[in-house]
Amino acid sequence: MAFIEAIMQYGFLQKALLTSVMVGIICGVVGCFIILRGMALMGDAISHAVLPGVAISYMFGINFFFGAVFSGVITAVAIGFVTQNSRIKHDTSIGIMFTAAFAAGIIIITMLKSSTDLYHILFGNVLAVRASDMWITLGIGVVILAAVYLFYKELLVTSFDETMGAAYGLPVRLIHYFLMTLLTMGTVASLQTVGIVLVVAMLITPAAAAYLLTDRLWVMIFLASGIGILSSVIGLYFSFTYNLASGATIVIAATAIFVLVFLFSPKHGWLWRMLKVRKKKASLV
């Protein structure tokens, strides 16, 4: 295939492929816990909240990783503070804080008069990944995987039942902010690939598809990572072959896989459930 030959020949495509695969793994792992905790909106909030940190990093000529992580963590803490110290509900405080952070980021970038950078930050451009971006993504992936491995039991218990976790003496609130930090890091790792606007899709869609395929968390994590990798490779292929936006093609690939799982999943697939219902009705006749 021409795509495989191009990968063997062009260094930029090799970096794009490796980075896409790593992003698929990172988003798949983190997304599982976001799905189980019902925090999809929080994932959207953090993905938008990193924008001012990225913009400030560009302003001072430093790597966007540091500014983005700082901005995302501060926003997560602010959301928790408002929720815990007012009558405002959690989803409302999320809407207030992430839109404010996103708007602040747009203002900063407008002041910098850097519309090109804004486009890449918002929508991603995996074919323009530099070696430094690839190594940062690898470093983030190692940290996230190590953290999940070391604190798997704590994340497992608190993801399914925070009350039980508190009864066991686990620091539930600290674990929550720990997961928010991992979510922020995963978002930062995905910026160059799918961009701020689409990163929430990579966090949620592969994990949601995996959730329909299994009832075991560790299996869900592996399946979500595999779906993330497959989506990234397929999306990169169409992006390179047909000169399409890389972030959008990766997300569309993930969505297509989710639709197939939604329809044909052995346990929870819509088609199989409809067939079972019809068989039951036929047996009663």
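Heavy-atom basis, side chains included; hydrogens, waters and symmetry copies ignored.
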Inset, instruction - Verify the neighbour count for atom CE of Met164: are there more than 12 heavy atoms of other residues, nucleotides or ligands below 6.0 Å? - result: no

Legend entry - Nearest heavy atoms of Met202 and Ala254, plus distance in Å: SD-CB, 4.3 Å

Legend entry - Residue Asn85 excluded, over 12 heavy atoms near CG under 6.0 Å: yes

Legend entry - Value rounded to 0.5 Å, distance of CD1 in Ile56 from CZ in Phe66: 15.0 Å

Inset, instruction - Name the orientation class of the two ring planes belonging to Tyr237 and Tyr242 (parallel below 30°, tilted from 30 to 60°, perpendicular beyond 60°). - result: perpendicular

Legend entry - Pairwise side-chain contact, Leu156 with Phe33, heavy-atom cut-off 4.5 Å (strictly under): no

Legend entry - Nearest-0.5 Å distance, CD1 of residue Ile25 to CG of residue Leu138: 10.0 Å

Legend entry - Taking every non-hydrogen atom, the tightest pair across Ile46 and Ala76: CD1-CB, 3.8 Å

Legend entry - Closest heavy-atom pair and its distance - Ala45, Ile94: CB-CG2, 3.4 Å

Legend entry - Ile7 side chain near Gln14 side chain, heavy-atom distance below 4.5 Å: yes

Inset, instruction - Could you tell me whether the side chain of Val29 reaches within less than 4.5 Å of the side chain of Leu145, counting heavy atoms only? - result: yes

Inset, instruction - State plainly whether one hydrophobic cluster holds both Met180 and Val172, where clusters connect Ile, Leu, Val, Met, Phe, Trp and Tyr through side-chain heavy atoms under 4.5 angstrom apart. - result: no

Legend entry - Test item: Val251 and Thr205 side chains (from C-beta on) under 4.5 Å apart, heavy atoms: no

Legend entry - Reported CG-to-CE distance for the pair Asp133 and Met22, which is rounded to 0.5 angstrom: 10.0 Å

Inset, instruction - Nearest 0.5 Å please: distance from the OG atom of Ser57 over to the CD1 atom of Ile62. - result: 4.0 Å

Inset, instruction - Mark yes when over 12 heavy atoms from residues, nucleotides or ligands other than Arg273 sit less than 6.0 Å from its CZ; otherwise mark no. - result: yes

Legend entry - From Met111 atom CE to Ile106 atom CD1, the distance as rounded to the nearest 0.5 Å: 14.0 Å

Legend entry - His48 versus Phe98, closest heavy-atom pair with distance: CB-CD1, 3.6 Å

Inset, instruction - For the pair Ser239 (side chain) and Leu244 (backbone), establish whether a donor and an acceptor sit closer than 3.5 Å, ignoring hydrogens and angles. - result: yes

Legend entry - Min side-chain heavy-atom separation Val30-Leu183 under 4.5 Å: yes

Inset, instruction - Verify the neighbour count for atom OH of Tyr177: are there more than 12 heavy atoms of other residues, nucleotides or ligands below 6.0 Å? - result: yes

Legend entry - Thr241 vs Phe238 side-chain heavy atoms within contact, under 4.5 Å: no

Inset, instruction - For residues Phe178 and Ala147, report the shortest heavy-atom separation together with the two atoms involved. - result: CZ-CB, 3.6 Å

Legend entry - Leu51 reachable from Ile74 in the ILVMFWY side-chain graph, under 4.5 Å edges: no

Legend entry - Heavy-atom check, side chain of Phe12 versus side chain of Val129, under 4.5 Å: no

Legend entry - Worked verdict on Met8 versus Leu13 for side chain to side chain contact (heavy atoms under 4.5 Å, CB included): CA-CA 8 Å; Met8 301 299 293; Leu13 196 56; over 6 Å; no

Inset, instruction - List the steps, then state whether side chain to side chain contact (heavy atoms under 4.5 Å, CB included) holds for His90 with Met39. - result: CA-CA 10 Å; His90 189 62; Met39 294 172 57; 5.7 Å; no

Inset, instruction - Give the ring-plane orientation class for Phe240 versus Phe3, where under 30° counts as parallel, over 60° as perpendicular and anything between as tilted. - result: tilted

Legend entry - Donor-acceptor pair, side chain of Ser246 and main chain of Val126, under 3.5 angstrom: yes

Legend entry - Closest contact, heavy atoms only, Ser47 versus Val50: O-CG2, 3.3 Å

Legend entry - same_hphob_cluster(Val142, Met134) at 4.5 Å side-chain heavy-atom cutoff: yes

Inset, instruction - Go through the steps for Val54 and Ser71 under the test side chain to side chain contact (heavy atoms under 4.5 Å, CB included), then give the verdict. - result: CA-CA 8 Å; Val54 173; Ser71 178; over 6 Å; no

Inset, instruction - Say whether Ile252 and Leu236 are linked into one hydrophobic cluster, either directly or through other cluster members, by side-chain heavy-atom distances under 4.5 angstrom. - result: no

Legend entry - Val199-Phe70 co-clustered via ILVMFWY side chain contacts under 4.5 Å: no

Legend entry - Stepwise side chain to side chain contact (heavy atoms under 4.5 Å, CB included) test for Ile108 and Tyr58: CA-CA 10 Å; Ile108 294 171; Tyr58 275 110; over 6 Å; no

Legend entry - Gap separating the CG atom of Asn243 from the OG1 atom of Thr249, nearest 0.5 angstrom: 10.5 Å

Legend entry - Contacts of type ring-ring contact (aromatic ring centres under 6.0 Å, His included), residue Tyr152, not counting sequence neighbours: none

Legend entry - Exam field: side chain Trp270 to backbone Phe264, donor-acceptor pair closer than 3.5 Å: no

Inset, instruction - Please tell me if the side chains of Leu155 and Ile175 come closer than 4.5 Å, counting only heavy atoms from C-beta onward. - result: yes

